[in-house]
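Quick note: numbers below take in every heavy atom, side chains included, and nothing from hydrogens, waters or symmetry partners. Index from 1, following the sequence. Remember, it's a predicted structure, so these values are computed and weren't measured experimentally.
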Amino acid sequence: MKGRHNYLCRQKLYDAEKKPLLTGLVEIEDFAVIKDWEPKTKTGDRVELKKLPEASTVWSKLDARRDLCSGQKCEQFERCFITLMRQRALDSDIVIVNHHLFFADLAIRDPEFGAIIPEYSAVVFDEAHEIEQVASEHFGIALSTYQFDELARDTESVARLGQFGSRELRRILDTLRERAIAFFELLPGEQGRAGFRNRKQFLERHFRDYQDLLRALELLGVHLKLIKKKSEEVSPLVRRVGEIGHALEFLIAGEDGNFVHWVERRGRGIFLQATPIDVSAILAERLFDQVPTVVLTSATLAVDSKFDFIRRRLGISSARELVVPGHFDYQKQALFYIPMSLPDPRADGFVKAASEEVVRILKASRGRAFVLFTSYQQMRLIHDQVSFAIEYPTLLQGTGPKTALLEEFRSTPHCVLFATASFWQGVDVPGEQLSCVIIDKLPFAVPSDPVVEARIRNIREAQGEPFYEYQVPEAVIALKQGFGRLIRNRKDRGVLALLDNRISRQRYGQVFFDSLPDYAYTNDIAEVERFFNHV
């Protein structure tokens with residue numbers, strides 16, 4: 001099972017033939033591809049549409065996401081691909097979903113819309129180290145300028161189809177758009193993420209703007225409810241108006257101390273969010289206390305061969321534990337290299353020295369490497385220096401889709417890929433094509449990030465030590481994930497290089513060494529060269 005946006009909505013497709021939905025020749029061509037495919041497909045899964053470009057703007061207008069879904073009232077409910085998917089799941093003994101769909105379902109289980117996944121008595125989580133982050137997203141609250149714009153646009157579209165458009169409705173929607181833009185522009189922060197700590201002062205200062213936006217939402221909801229001959233698509237719009245209003249009230253005036261509030265400005269979009277500081281109580285109540293059997297598994301779940309960290313973060317009071325020995329001969333297959341001559345990663349001279357070291361390593365490995373970074377800025381700075389100093393082809397994250405970059409890496413001899421967090425896990429390139437993984441520094445979470453900062457403060461207020469209880473274990477798991485890209489089978493050989501020698505100089509570094517597999521270890525670049533020259 002996949003998320004709703006992966007599936008075609010038949011009703012939207014049929015409606016699109018009756019109303020002006022498409023813009024431009026490209027969208028008309030893409031629509032024709034989807035229309036021709038719809039009678040033939042049994043699943044409605046977009047993955048079958050090989051001819052539809054990944055960047056097609058038509059799919060988001062026709063997919064089965066919940067925003068305009070009228071549920072059982074829809075004419076196509078019996079033939080709906082979501083209904084058919086759920087029927088297949090009900091008939092199955094084992095259902096496979098990703099973490100996001102599982103926690104989206106867990107967070108909003110609703111008899112009509114939310115309970116996509118059938119009842120279950122056992123759950124097996126692979127890559128269970130991701131649970132806290134994904135659960136935090138789905139048990140949080142979020143609003144953005146895009147949601148207000150999409151609500152207005154969808155209302156206009158449904159009004160055209162249902163023939164209840166009017167000058168009054170147009171005025172209400174224009175007012176909603178204007179007030180949403182004006183209100184979100186008042187939120188603090190520049191580009192990027194920033195904490196929203198002074199909400200009380202903000203509310204006092206901008207109370208009228210806040211009330212104006214709530215009234216605009218309320219006015220739209222009342223107008224939609226008073227439509228006499230309304231189509232089935234109006235009910236989801238009324239529901240959305242209510243959900244957005246409740247979210248706005250929680251985000252601005254809510255007083256739940258277990259949430260950290262923050263603002264992100266990304267391009268033209270402004271996002272207002274509240275994230276649980278601690279999901280352990282939520283998971284204990286909603287998952288571990290409800291489901292008879294929950295199995296958590298991951299190659300990086302243990303820190304220093306213990307599960308204390310994951311149990312504490314996820315609210316697991318009792319569990320049977322097993323650390324399974326690795327089946328690779330890491331002493332022979334992998335060499336862990338730490339250059340001790342490099343400056344501290346926080347020093348001004350680090351980028352230049354690290355770039356020169358990366359060049360030395362890549363010449364020894366003859367390319368065939370991932371160079372992984374903890375920040376985009378560091379990635380671009382080092383890539384710009386290294387790419388001109390080596391003879392091997394290079395790829396840079398952000399210059400193309402992740403899947404396209406991976407495919408090009410796999411098919412290009414001696415290629416070097418420069419990338420950040422999204423390539424640290426879930427990427428599999430077995431064989432000689434990936435023979436080296438270089439990581440710029442220990443992957444500590446940025447302490448100024450509003451969610452990380454709130455979790456650190458929460459642990460400190462409970463008389464704990466956030467650095468050793470939270471920051472170090474998180475970084476250990478992230479480093480293990482990054483290094484895990486290299487040795488994927490019994491025949492793989494390669495070098496793992498960490499350009500951050502704090503792991504050898506600082507007391508906390510021992511936790512990393514105790515948590516990593518038993519790699520062969522060196523500080524000498526000559527050993528790296530000999531390793532690659534050995535057949």
Just do the side chain to side chain contact (heavy atoms under 4.5 Å, CB included) check on Val358 and Leu499 with the steps written out, would you?
CA-CA 9 Å; Val358 170; Leu499 307 181; 3.7 Å; yes

Mind checking what makes ring-ring contact (aromatic ring centres under 6.0 Å, His included) contact with Tyr337, not counting sequence neighbours?
none

Are Cys415 and Leu395 side-chain neighbours, meaning at least one heavy-atom pair lies under 4.5 Å?
yes

Could you walk me through whether Val303 and Asp308 pass the side chain to side chain contact (heavy atoms under 4.5 Å, CB included) test, one step at a time?
CA-CA 8 Å; Val303 176; Asp308 296 3; over 6 Å; no

Within a strict 4.5 Å, meaning less than it, do heavy atoms of the Asp278 and Asn458 side chains meet?
yes

A quick test of your reading: do over 12 heavy atoms of other residues, nucleotides or ligands sit less than 6.0 Å from CD of Gln331?
yes

For Glu357, which residues count as a salt bridge (Lys or Arg N to Asp or Glu O under 4.0 Å) partner, sequence neighbours excluded?
Arg360

Got a salt bridge between Glu321 and Lys306, using NZ or NE/NH1/NH2 to carboxylate O under 4.0 Å?
no

Flag the pair His261 / Arg197 as yes when at least one side-chain heavy-atom distance between them is below 4.5 Å, and no otherwise.
no

If you look only at pairs with a residue in residues 42-52, which of them pass as a side chain to side chain donor-acceptor pair (under 3.5 Å), with sequence neighbours excluded?
Lys2-Asp45, Trp37-Glu48, Thr41-Glu48, Thr43-Glu48

Verify whether the ring centers belonging to Tyr468 and Tyr508 lie closer than 6.0 Å.
no

Does the ring centre of Phe250 sit less than 6.0 Å away from the ring centre of Phe259?
yes

Are any of the side-chain heavy atoms of Glu130 and Glu127 separated by less than 4.5 Å?
yes

Checking side chain to side chain contact (heavy atoms under 4.5 Å, CB included) for the pair Trp262/Asp449: CA distance, chi angles, key distance, verdict?
CA-CA 9 Å; Trp262 50 282; Asp449 177 89; over 6 Å; no

For Phe409, the ring-ring contact (aromatic ring centres under 6.0 Å, His included) test, sequence neighbours excluded, returns Phe370

Among all residues two or more places apart in sequence or in another chain, which pass the ring-ring contact (aromatic ring centres under 6.0 Å, His included) test with Phe328?
Tyr330

Any side-chain heavy-atom pair of Asp63 and Asn6 under 4.5 Å
no

Can you confirm whether Arg312 sits close enough to Phe309 that some side-chain heavy atom of one is under 4.5 Å from a side-chain heavy atom of the other?
yes

Quick test of your reading of the model: are Arg193 and Glu264 salt-bridged, counting only N-O distances below 4.0 Å?
no

Check whether any side-chain heavy atom of Val429 sits under 4.5 Å from a side-chain heavy atom of Arg488, and report yes or no.
no

Taking the six-membered ring of Phe531 as reference, does the cationic atom of Arg493 (NZ for Lys, CZ for Arg) lie under 6.0 Å from its centre and within 45° of its axis?
yes

Phe102: ring-ring contact (aromatic ring centres under 6.0 Å, His included) partners, not counting sequence neighbours:
Tyr120, Phe125

Determine, stepwise, if the pair Leu486 / Tyr519 fulfils side chain to side chain contact (heavy atoms under 4.5 Å, CB included).
CA-CA 12 Å; Leu486 186 62; Tyr519 304 125; over 6 Å; no

Does the side chain of Val371 come within less than 4.5 Å of Val386's, by heavy atoms?
no

Is there a donor in the side chain of Gln333 and an acceptor in the side chain of Asp329, or the other way round, less than 3.5 Å apart?
no

Using the ring centroid of each side chain, check whether His138 and Phe103 are separated by less than 6.0 Å.
no

